[in-house]
Amino acid sequence: MERIRHAILAGLIALALSYSTVLSPLDQVTWVAQSRVSAFEASGEIVYVGSSSDLTDPSFPERRQELARALDSLREAGAKRAYVDMTFNRSVDPGTDKALNAALRAFDGNAYLVRNLATDLNGELDLSQSVGSVSAGVPVVGSMRWKNYIGYTWNMPASVVYRDEQMPSLAASIADVPVLAGEYPINYGFERSTIPSHRFLDLLPSPDSPGALEELSKDIAGKVVVIGNLNRADTNAPNIPGHIDVPATMVDIYAAETLKAGYTRIVDEWLVILSILCALVLASIAGNRWLRNSVVALCLMTLLACVYITATLGIIMSAAGGLTMLGTYSLLRARANWKKNYRLVDADTGLPTFAALEADQDTAETVPAIIVAKIHRFEEVRRTLPSELHAEYLLRIVGRLKAAKKDASIYVGPGHLIAWTFPEKEPALIRDHLEGLRALFASPLLVGENQVDVGITFGVDLTASPNVTRRLAAAVDAAERTNETYEPIAIAEVASDEDLIWNISLQARIDAALSNGEIYLVFQPKVLIETGEMVGVEALVRWRDPVKGLIPPDHFIRQCENAGRMTQLTRHVLTEGCKAGIALAARGLNIPVAVNISATLVHERDILKMVREVLEETGFDPEKLTLEITETYRISNFDRANEILSDLRALGPKISMDDFGVGAASLEALQCLPFDELKIDRTFTSGIKDNPKAEAIVRNILQLGKDLRIIVVAEGIEDAATLTKLRDSGGTIAQGFGISRPIPLQEIMQFQSFKHEERLRDIV
Ligand code: C2E
Ligand code: MG
Ligand code: MG
């Protein structure tokens, strides 16, 4: 598309330039070149006779007499027509003028005098003509001579008009073609040497060479003779291609030869430009890369060939428009390519960019893995470094990465991302390699004089997709998901294209799913181990898609986050959770309802407003609401989170820490944040019955809860043995598939009516 746009633009520019006269010098070069290649032979029927002395000079009456004699000999020799291309604007003695007049008239209307139309001193057109004593009764033709700034005359008017008088032009009359209208181009392709030319003196009998005149007479019989001034020293003398300062008459003779040969056709500039445009457009839509890249050269060659061929056919063609168009197009393309290349190299470091990796289809398509490294606190560090060290900072990081893999090409991406390809597909091998790299970054980098600690994590793409952009995006996505302490290496899920497209549509459908009931809640009881009594429920979100069926919450919660819909989703769950709590209370089940809140939401005060509004709207008892903060390792600012959680708590709800034990930040979070409840992650609880270490951890967490005076809930209790072990370790509240799977609200209502013993019997 861009190529077509450039072709059209180049065409318009060329057209505009060729219609303004800017390209005229280039046009003239082409025409001169065309004239030189044509090498036509002139008709030979037009004979030029040049006089080196001014025959019109009134001080030399004898010259006029010589002219009269010469005309007589021409007539006798059988010349078809004679033209005297000079104006006798002063009379000499009446006898002389009369003799000349008689010689002209003796031709019976076939001898012509020429009137010259030229601009006078005042810039007005002025006709110079012979005095009546010479011209009376002699037919006249007109000549209008102009030459351009380099001395060439390219066009000739078909007839000459002065005031109201229209005269046949000298050239048209010589060629004896009917008077045309307008102008026609002069074709200078005739070899000058093929136009018979003689000196005026040769027309006069000479005692030195007695037979010469008879010889000449043979040449002249049946021909048209044009007598003019040789004008060698005349500064007004025009140029013709290949010859400078030729007699002015010669231009009219070339024009006459052009008319005789019918070489007055020209190829229009717009036609050339249009043809090139077609060629460029066709080449850009053709799939062939070679053709696309060589189209300018092909057009150029064709253009030059056309100039040559038309020259040999006597057709005048300008190449300037075409050349300008090709030049402009090439420049536009070069600029676009430069820009593209510019995108391919990072200006600061000179390293190739992600765009370069994307452009390198051949490697990127076949390489087993693409790795993206995320540099943590990159911007912070950059801010503390003087600006001249910014590039060095990145280069040092790249240098260290390269230490492990010398031949790797490293690509730099936006901000803090660095990518390279890796020749292995085995995740374990890649993890090993990346762990090794992380170890390399354990010691600080020296940037200038500064010691800089570098936190680095990695995202990996292993998909075999041929779409490099998508692969890179997947690796970037994985890198963005990483966490220095919790998950330093993330491997992108192997997703088919269909899944990716589906994911995108998923994001788009979240809003509708929230309102049409596709997204709904199930509830899982939390029970008192001692009695089996239900002491709370956890609301868990579900999405049943009409096509895909149940979508796992982990998956679509991530999608919600990516689509910026987390707040809407949370509000929906919170509202439905509170309504469920009211419904339970109405049935006499006055128990707390727990709702999961992603840690990412406790960075903003918006959550406070949301909880307050939902509590007001639903009228649910704030004391009966529990907010389970999930993924606490994602809390980056404990001070702020503490402030927000404390304010949330002040509204009434209890704050629970979900998945305790998973992620290095857990203990720190417990210490810094105001939790009322801890939920031990199922990674620990599931192991207690046969893993003494897990058992010790759980027992200690339970003790920790007692010491901190907070409730501890053990999640993921799948069987009776685990439950028993938990009770023996001091656990009081449990939640898990073994007690109940997450179930719809109606079933929760019935859950309580089962006997505790029956329930425990069920689960074994
Ligand atoms: P979670 O908050 O830790 O929820 C407990 C998860 O463990 C639930 O998975 C539950 O079905 C599962 N589970 C319960 N008992 C057992 C058991 O005995 N064995 C095993 N293997 N699993 C058990 P679910 O519903 O798939 O939810 C997964 C996670 O998604 C939740 O973990 C929570 O972090 C998140 N989530 C669910 N609903 C919401 C929500 O409404 N908002 C937010 N922000 N996150 C939610
Ligand atoms: Mg939870
Ligand atoms: Mg949990």
Side-chain angles (χ1 to χ4, degrees), residues 510 513-514 518-527 536-544 550-563 565-580 592-603 607 610-611 614 625-635 653-663 666 669 675 677-689 701 711-723 725-726 731 733-744 748 759 762-764:
I510 288 168
L514 282 172
E518 279 177 35
I519 293 179
Y520 61 95
L521 296 184
V522 288
F523 299 85
Q524 191 177 35
K526 297 176 178 179
V527 301
V537 287
E538 178 179 2
L540 292 161
V541 72
R542 294 288 176 267
W543 183 350
R544 186 180 295 281
L550 266 180
I551 305 164
D554 290 327
H555 182 74
F556 77 77
I557 283 165
R558 197 61 73 188
Q559 293 297 328
C560 274
E561 231 168 59
N562 293 345
R565 290 290 186 282
M566 219 33 215
T567 315
Q568 283 90 326
L569 178 77
T570 307
R571 189 178 191 111
H572 179 79
V573 174
L574 205 54
T575 309
E576 295 303 308
C578 288
K579 282 185 189 163
V593 174
V595 170
N596 290 287
I597 304 287
S598 166
T600 52
L601 293 178
V602 301
H603 290 129
I607 186 76
M610 184 202 291
V611 171
V614 170
L625 180 64
T626 303
L627 302 174
E628 289 189 15
I629 311 301
T630 66
E631 303 188 286
T632 35
Y633 62 86
R634 291 172 81 178
I635 297 179
K654 306 220 162 16
I655 311 292
S656 168
M657 181 174 183
D658 210 342
D659 310 322
F660 183 76
V662 177
S666 283
F675 289 117
E677 182 187 275
L678 260 193
K679 295 186 83 178
I680 312 177
D681 193 73
R682 64 168 172 273
T683 355
F684 306 103
T685 51
S686 61
I688 51 174
K689 57 178 198 247
I701 298 175
I711 307 161
V712 177
V713 179
E715 282 187 300
I717 307 302
E718 294 190 343
D719 50 45
T722 311
L723 189 64
K725 195 85 191 179
L726 182 65
I733 300 176
Q735 180 183 350
F737 290 173
I739 297 154
S740 167
R741 290 198 166 255
I743 47 178
I748 286 286
R759 232 175 6 245
D762 280 353
I763 68 174
V764 189

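Whatever order the structure lists them in is the order used to number ligands and atoms, beginning at 1.
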Asker: Gln735 versus ligand 1: do any nitrogen or oxygen atoms come within less than 3.5 Å of each other?
Answerer: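 In this structure, Gln735 places no N or O atom under 3.5 Å from an N or O of ligand 1.
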
Asker: Please step through salt bridge (charged side-chain N to carboxylate O under 4.0 Å, His left out) for the pair Arg542 and Glu576, ending with a clear verdict.
Answerer: CA-CA 12 Å; Arg542 294 288 176 267; Glu576 295 303 308; over 6 Å; no

Asker: With heavy atoms of Ile717 as the reference, note each atom of ligand 1 found under 4.0 Å away.
Answerer: 18 (O)

Asker: Between Asp659 and the Mg ion (ligand 2), is there a contact where an N/O/S atom of the residue lies under 2.8 Å from the metal?
Answerer: no

Asker: For ligand 1, which atoms have a heavy atom of Pro553 less than 4.0 angstrom away?
Answerer: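 Within the 4.0 Å cut-off of Pro553, ligand 1 contributes 24 (P), 25 (O), 26 (O), 27 (O).
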
Asker: Give a yes or no answer on whether the side chain of Thr722 reaches the backbone of Glu718 with a donor-acceptor pair at less than 3.5 Å.
Answerer: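 Side chain of Thr722 to backbone of Glu718, a donor-acceptor pair under 3.5 Å: no, none is there.
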
Asker: State, with a plain yes or no, whether a side-chain heavy atom of Ile717 is found less than 4.5 Å away from one of Leu726.
Answerer: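 Yes, their side chains come closer than 4.5 Å.
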
Asker: Is Thr570 touching ligand 1 with its side chain, its backbone, both, or neither, if touching means heavy atoms under 4.0 Å apart?
Answerer: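 It is neither part, as no heavy atom is under 4.0 Å.
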
Asker: Considering distance alone, does some N or O of Arg542 sit under 3.5 Å from an N or O of ligand 1?
Answerer: yes

Asker: List ligand 1 atoms under 4.0 Å from Gly716, heavy atoms only on the residue side.
Answerer: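 Going through ligand 1 atom by atom, the ones under 4.0 Å from Gly716 are 16 (C), 17 (C), 18 (O).
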
Asker: So, is Asn596 placed with an N/O/S atom under 2.8 Å from the Mg ion (ligand 2), counting both backbone and side chain?
Answerer: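 Here the distance criterion (N, O or S atom, under 2.8 Å) is met by Asn596, so yes.
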
Asker: Testing the 3.5 Å rule here: is there a donor-acceptor pair between the side chains of Ser656 and Glu677?
Answerer: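 The criterion, which ignores hydrogens and geometry beyond distance, is satisfied for Glu677 and Ser656.
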
Asker: Under 3.5 Å between any N/O of Met566 and any N/O of ligand 1: does that happen in this structure?
Answerer: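 For ligand 1, there is no N or O atom that lies under 3.5 Å from one belonging to Met566.
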
Asker: Check ligand 1 against Asp554 and write out every atom of the ligand that is under 4.0 Å from a heavy-atom position of the residue.
Answerer: 28 (C), 29 (C), 30 (O)

Asker: If you have a sec, work out which protein heavy atom is nearest atom 36 (N) of ligand 1 and how many Å separate them, to one decimal?
Answerer: Ile557 CD1, 3.5 Å

Asker: Quick one: does Gly736 get an N or O within less than 3.5 Å of an N or O on ligand 1?
Answerer: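 No.
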
Asker: Could you check whether any heavy atom of Lys679 sits closer than 4.0 Å to an atom of ligand 1, since that is the contact criterion I want to use?
Answerer: no

Asker: Are any side-chain N or O atoms of Asp659 and backbone N or O atoms of Val662, one a donor and one an acceptor, separated by less than 3.5 Å?
Answerer: no

Asker: Which ligand 1 atoms are under 4.0 Å away from a heavy-atom of Val541?
Answerer: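 Here the atoms of ligand 1 in question are 38 (N), 39 (C), 40 (C), 41 (O).
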
Asker: At under 4.0 Å between heavy atoms, which part of Asp658 makes contact with ligand 1: side chain, backbone, both or neither?
Answerer: side chain

Asker: Find all atoms of ligand 1 within a distance of less than 4.0 Å from any non-hydrogen atom belonging to Pro742, and give their numbers and elements.
Answerer: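 Near Pro742, the atoms of ligand 1 are 11 (O).
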
Asker: If you measure from each non-hydrogen atom of Arg741 to ligand 1, which part falls under 4.0 Å: side chain, backbone, both or neither?
Answerer: neither

Asker: Relative to the heavy atoms of Ser598, which atoms of ligand 1 are at a distance of less than 4.0 Å?
Answerer: 44 (N)

Asker: Of the side chain and backbone of Glu631, name the one, both, or neither that has a heavy atom under 4.0 Å from an atom of ligand 1.
Answerer: neither

Asker: Identify which one of Lys679, Lys526, Glu715 satisfies the side-chain hydrogen bond (donor to acceptor under 3.5 Å, both in side chains) criterion when paired with Gln735.
Answerer: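 Exactly one candidate clears the test, Lys679.
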
Asker: Name the closest protein heavy atom to atom 34 (O) of ligand 1, giving the residue it belongs to and the distance to 0.1 Å.
Answerer: Thr630 CG2, 3.4 Å

Asker: With rounding to 10 degrees, what does the angle Glu538:OE2 / the Mg ion (ligand 2) / Asp658:OD2 come to?
Answerer: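 For OE2 of Glu538 and OD2 of Asp658, the angle centred on the Mg ion (ligand 2) reads 180°.
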
Asker: Is atom 21 (N) of ligand 1 near the protein, in the sense that some protein heavy atom lies at less than 4.0 Å from it?
Answerer: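 So far as the 4.0 Å threshold goes, atom 21 (N) of ligand 1 is in reach of a protein heavy atom.
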
Asker: Using a heavy-atom cut-off of under 4.0 Å, does the side chain or the backbone of Leu521 touch ligand 1, or both, or neither?
Answerer: neither

Asker: Counting heavy atoms only, which part of Asn596 comes closer than 4.0 Å to ligand 1: side chain, backbone, both or neither?
Answerer: both

Asker: Please check atom 30 (O) of ligand 1 for a protein heavy-atom neighbour under 4.0 Å.
Answerer: yes

Asker: Can you figure out which of His572, Arg682, Glu715 has its heavy atom closest to atom 7 (O) of ligand 1?
Answerer: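 It is Arg682 whose heavy atom sits nearest to atom 7 (O) of ligand 1.
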
Asker: If you consider just the N/O/S atoms, which atom of Glu628 is the closest one to the Mg ion (ligand 2)?
Answerer: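 The Glu628 atom nearest to the Mg ion (ligand 2), restricting to N, O or S, is OE1.
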
